[in-house]
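Structure, as structure tokens:
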Amino acid sequence: MEKQALATAISLSMSLFSLMLLITAIFTDHWYETDTRRHAENCERHGTDSHEQKSRVMPMYHLPLTDASSPQRNIGLLNPIPIGNREEDLLENWRSILGLGVLESECGRPLFSTYSGLWRKCYYLGIDQDIDNLISKGIAQRCTSVKYHFSQPIRLRNIPFNLTRTIQQDEWHLLHLRRITAGFLGMAAAVLLCGCIVATVSFFWEESLTQHVSGLLFLMAGIFCTISLCTYAASISYDLSRTPSFIYGLPGDVEHGYSWSIFCAWCSLGLTVAAGCLCTTYPFISRAKAVQSKTARDSSV
């Protein structure tokens, strides 16, 4: 019984630490990061005299602007983007943008280093002076909320209907992936908490049964966490492959990848599965050893 209590204590410790890591991952914003410093250096090195670098401080798209009333921000035929529109305004004016030559090369896009999580996407401060100035002047917001609802479909006037429909369908599929990620991650945290409670009860009542039930709950939480992490990776890949690529894709010299928040989630998954395997298998192993020792005693007698 002492060994079984020790196994329960070890699995409970792992599950509690796993729960802490999972909560940390859920409520932090460093799941995915982009680093545009090398991209900016390449653009400055190869095109410092062109007007492309000036477009990095033009509030056209990919920047959540706070005000659309200033006439100084209406550059050429482009309209600044009010809160919530972002890519839609670029799509609305894509022919005008192409006419101005803004998107003739990858350096025409105002890309800045970002980090994002389940709930927010933010710009890094202190890396690029351009975005620092835009944020300090109140032109751009540092952080914007990740969308989990599908807004009313918009008919974009200046682009073909087929492309409009493709963009809306892609947005719908991406929202489904985001909802699956957040939903299953929340269920994983809830089931993991229930498993911790049942494992604690096992010290006082029906140790073998409650230990086995807590192990099953830990394994269920691991399944939910696996589904969530896989759908998050799928949502990132799907978002980067959307059309048109000059809005949703990234140039080859932009460094991007997963960050420490998702690493916390993967560590939580590993600890959860280990705790579940320990709790579910130990009662069977101890029971088999007890039967074996009893058989040995009977045969010796």
Side-chain angles (χ1 to χ4, degrees), residues 4-35 114-122 145-148 173-203 209-241 255-285:
Q4 188 169 3
L6 179 61
T8 304
I10 293 174
S11 62
L12 180 60
S13 300
M14 288 193 297
S15 61
L16 288 174
F17 187 56
S18 172
L19 182 61
M20 291 174 57
L21 289 174
L22 188 59
I23 293 175
T24 301
I26 291 174
F27 291 103
T28 53
D29 298 321
H30 290 268
W31 283 63
Y32 192 80
E33 296 180 349
T34 60
D35 189 348
T114 62
Y115 60 93
S116 60
L118 299 178
W119 319 111
R120 296 190 309 170
K121 181 176 181 180
C122 302
S145 300
V146 175
K147 289 176 60 177
Y148 281 93
H173 294 318
L174 186 61
L175 288 175
H176 272 296
L177 291 174
R178 289 174 181 167
R179 290 169 179 172
I180 292 172
T181 299
F184 274 95
L185 207 60
M187 287 191 294
V191 173
L192 185 56
L193 178 60
C194 292
C196 293
I197 295 174
V198 174
T200 304
V201 172
S202 68
F203 288 106
L209 176 62
T210 52
Q211 185 184 37
H212 186 69
V213 171
S214 64
L216 293 177
L217 290 174
F218 292 151
L219 292 178
M220 185 183 299
I223 293 173
F224 290 159
C225 191
T226 302
I227 294 173
S228 177
L229 293 174
C230 291
T231 52
Y232 181 79
S235 67
I236 293 295
S237 300
Y238 191 85
D239 193 21
L240 293 176
S241 62
E255 299 177 0
H256 57 99
Y258 302 105
S259 189
W260 60 266
S261 291
I262 198 171
F263 177 74
C264 290
W266 279 109
C267 290
S268 173
L269 172 61
L271 290 173
T272 302
V273 173
C277 292
L278 180 60
C279 284
T280 51
T281 57
Y282 189 83
F284 294 107
I285 295 174

For the atom pair [atom1] ([X]) and [atom2] ([Y]), what is the distance rounded to the nearest 0.5 Å?
| X | Y | atom1 | atom2 | value |
| --- | --- | --- | --- | --- |
| Leu21 | Met14 | CG | CE | 12.5 Å |
| Ser145 | Lys121 | OG | NZ | 13.0 Å |
| Leu185 | Ser268 | CG | OG | 8.0 Å |
| Cys225 | Ile223 | SG | CD1 | 11.5 Å |
| Thr226 | Leu269 | OG1 | CG | 4.0 Å |
| Leu177 | Leu175 | CG | CG | 9.0 Å |

With a 4.5 Å heavy-atom cut-off, do [X] and [Y] have their side chains touching?
| X | Y | value |
| --- | --- | --- |
| Tyr232 | Leu118 | yes |
| Trp266 | Leu229 | yes |
| Leu174 | Arg178 | yes |
| Tyr32 | Asp239 | no |

Provide the closest heavy-atom pair for [X] versus [Y] in the form atom of the first, atom of the second, distance.
| X | Y | answer |
| --- | --- | --- |
| Leu12 | Ala199 | CD1-CB, 3.9 Å |
| Cys279 | Phe218 | SG-CE1, 4.1 Å |
| Val273 | Gly222 | CG2-CA, 4.4 Å |
| Ala189 | Ile26 | CB-CD1, 4.3 Å |
| Thr8 | Ser202 | CG2-OG, 3.1 Å |

> Can you name the salt bridge (charged side-chain N to carboxylate O under 4.0 Å, His left out) partners of Arg120, sequence neighbours left out?
Replying inline: Asp29
>> Checking Ser15 against Leu192 for the side-chain contact (heavy atoms from CB on, under 4.5 Å) test, could you report, in this order, the C-alpha distance in whole Å, the side-chain angles of both residues, the deciding distance, and whether it holds?
In response: CA-CA 7 Å; Ser15 61; Leu192 185 56; 4.2 Å; yes
>> Quick one about Glu33 and Ser259 (side-chain donor to acceptor, distance below 3.5 Å, no hydrogens or angles considered), yes or no?
In response: yes
>> Under a 3.5 Å cutoff, is there a donor and acceptor pairing between the side chains of Thr272 and Ser18?
In response: yes
> Going through the checks in order, is the side-chain contact (heavy atoms from CB on, under 4.5 Å) test met by Met187 and Met220?
Replying inline: CA-CA 10 Å; Met187 287 191 294; Met220 185 183 299; over 6 Å; no
>> I'd like to know whether Thr24 forms a side-chain contact (heavy atoms from CB on, under 4.5 Å) with Trp260, so could you lay out the CA-CA distance, the side-chain angles of the two residues, the decisive distance to 0.1 Å, and finally the verdict.
In response: CA-CA 10 Å; Thr24 301; Trp260 60 266; 4.1 Å; yes
> Which pairs pass salt bridge (Lys or Arg N to Asp or Glu O under 4.0 Å) with one or both residues in residues 269-278, sequence neighbours excluded?
Replying inline: none
> Counting heavy atoms not belonging to Phe203, are there more than 12 under 6.0 Å from its CZ?
Replying inline: yes
> Crowded around Phe17 CZ? As in, over 12 foreign heavy atoms under 6.0 Å?
Replying inline: no
>> My understanding is that only one of Leu240, Thr114, Ile236, Asp35 makes a side-chain contact (heavy atoms from CB on, under 4.5 Å) with His256; could you say which?
In response: Leu240
> With ring centroids as reference points, do Trp31 and Tyr258 lie under 6.0 angstrom apart?
Replying inline: no
> What residues, two or more places apart in sequence or in another chain, satisfy ring-ring contact (aromatic ring centres under 6.0 Å, His included) together with His176?
Replying inline: Trp172
>> Under a 3.5 Å distance rule, please check whether Ser228 uses its side chain to pair with a backbone N or O of Phe224 as donor and acceptor.
In response: no
> Has the side chain of Ser214 got a donor or acceptor atom that lies under 3.5 Å from a matching backbone atom of Val198?
Replying inline: no
>> Pair Tyr148, Trp119 - check ring pair (Phe, Tyr, Trp, His ring centres under 6.0 Å), show working.
In response: CA-CA 9 Å; Tyr148 281 93; Trp119 319 111; 5.6 Å; yes
